[in-house]
Amino acid sequence: MRKSYIIILAIISFSFIIAISLYQIPCYPEKVASHWNIKGEVDGYLPKFWGLFLMPVLSLILFGLFVFLPKIDPLKENYQHFRKYYDGFIVLLIIFLFSLFLLTVLWNIGFRFNMAGLMTAAMGIFFFYLGIMVENAKRNWFIGIRTPWTLSSDSVWDKTHKLGGKLFKICGLIALAGIFLPPPIGFWLVIGPVILNSLAVFAYSYFVYRQENKTPQT
């Protein structure tokens, strides 16, 4: 078994242990705060069971999905060229979900903190690593910047992902800067750059494809 898989299963198992332990404690709230708005205010609740077990179950499902996807990808051989980055992405995703789980638990047992700021920081780290993986990803059907033009050409894929990777890392750094700003601004520093990045790489992939497939003038 891959070392990364052992780490992931250990994290998920620990999250289930925490959930099972807290579920048996009568003083843990029956109505669990589970969602915060862009100002860091609670605006959503779940029953005790789902408030504790939703994130561990979701983590397990996503882990299984990401393990399964390379096996059914017609371009499965290409994963070997960026496998360590792909595995690192899965580990980081599970750590991100586990962190969110822990923050939710801490909030519901009485601790108070800037949830919006912490989530902004987590998203910044996540996007920065996503940029690293994107820069190294090779053509496949599930992971990366998948447009009709990147999927049709290794060259277009590589050029688009080199640019997209750099832009995602910039998005991550901008999101991290949002820690020091009021929650609503921090939220838009996460969402805004990612939207612009998505539009930019979509257009760029088309531009590169057109450049590489120009009909020679006679």
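Quick note: residue numbers are just sequence positions, from 1.
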Return yes if some donor-acceptor pair links the side-chain N/O of [X] with the main-chain N/O of [Y] below 3.5 Å, else return no.
X    : Y    : result
S153 : T150 : no
D73  : L69  : no
H161 : I145 : yes

Test of understanding: with ring pair (Phe, Tyr, Trp, His ring centres under 6.0 Å), list the residues that count as partners of [X], not counting sequence neighbours.
X    : answer
F68  : none
F142 : none
Y86  : Y79

I'd like to know whether [atom1] of [X] has more than 12 heavy-atom contacts from other residues, nucleotides or ligands below 6.0 angstrom.
X    : atom1 : value
F207 : CZ    : no
Y23  : OH    : no
R210 : CZ    : no
Y5   : OH    : yes
F16  : CZ    : yes

- Message: Ignoring hydrogens, what is the shortest heavy-atom contact between K76 and K71? Give both atom names and the distance.
- Response: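 Looks like NZ-O, 3.0 Å.
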- Message: Between E135 and K162, does any NZ, NE, NH1 or NH2 come within less than 4.0 Å of an OD or OE carboxylate oxygen?
- Response: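 No, K162 and E135 are not salt-bridged.
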- Taking NZ, NE, NH1 and NH2 as the nitrogens, is one of them in K138 or D154 under 4.0 Å from a carboxylate oxygen of the other?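 D154 and K138: not salt-bridged.
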- Query: Please walk me through it: do D87 and K3 pass salt bridge (Lys or Arg N to Asp or Glu O under 4.0 Å)?
  - Reply: CA-CA 9 Å; D87 288 347; K3 182 179 179 180; over 6 Å; no
- Task: Check the hydrophobic clustering (I, L, V, M, F, W, Y; side-chain heavy atoms under 4.5 Å; chains of links allowed) and say if F82 and L65 are grouped together.
- Result: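 Both belong to a single hydrophobic cluster.
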Are the side chains of [X] and [Y] in touch, meaning some heavy atoms are under 4.5 Å apart?
X    : Y    : result
F113 : L103 : yes
W149 : F202 : yes
L151 : W157 : yes
Y28  : V105 : yes

Acceptor/donor pairs from residues 92-99 side chains to any protein atom, 3.5 angstrom cut, sequence neighbours excluded:
unit_1 : atom_1 : unit_2 : atom_2 : d
S99    : OG     : I95    : O      : 2.8

Set of side-chain contact (heavy atoms from CB on, under 4.5 Å) partners for [X], sequence neighbours left out:
X    : result
V42  : A33, W36, Y45, W107
D43  : H35, N37
A200 : L167
I25  : L22, C27

- Contacts of type side chain to side chain donor-acceptor pair (under 3.5 Å), residue K159, not counting sequence neighbours: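 K159: side chain to side chain donor-acceptor pair (under 3.5 Å) contacts with E212.
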- Item | Residues in side chain to side chain donor-acceptor pair (under 3.5 Å) contact with S4, at least two apart in sequence or another chain |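 Side chain to side chain donor-acceptor pair (under 3.5 Å) list for S4, sorted by chain: empty.
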With a 3.5 Å cut-off and sequence neighbours excluded, list the donor-acceptor pairs that the side chains of residues 119-134 form with protein atoms.
unit_1 : atom_1 : unit_2 : atom_2 : d
T120   : OG1    : A116   : O      : 2.8
Y129   : OH     : Y85    : O      : 2.9

Acceptor/donor pairs from residues 176-197 side chains to any protein atom, 3.5 angstrom cut, sequence neighbours excluded:
none

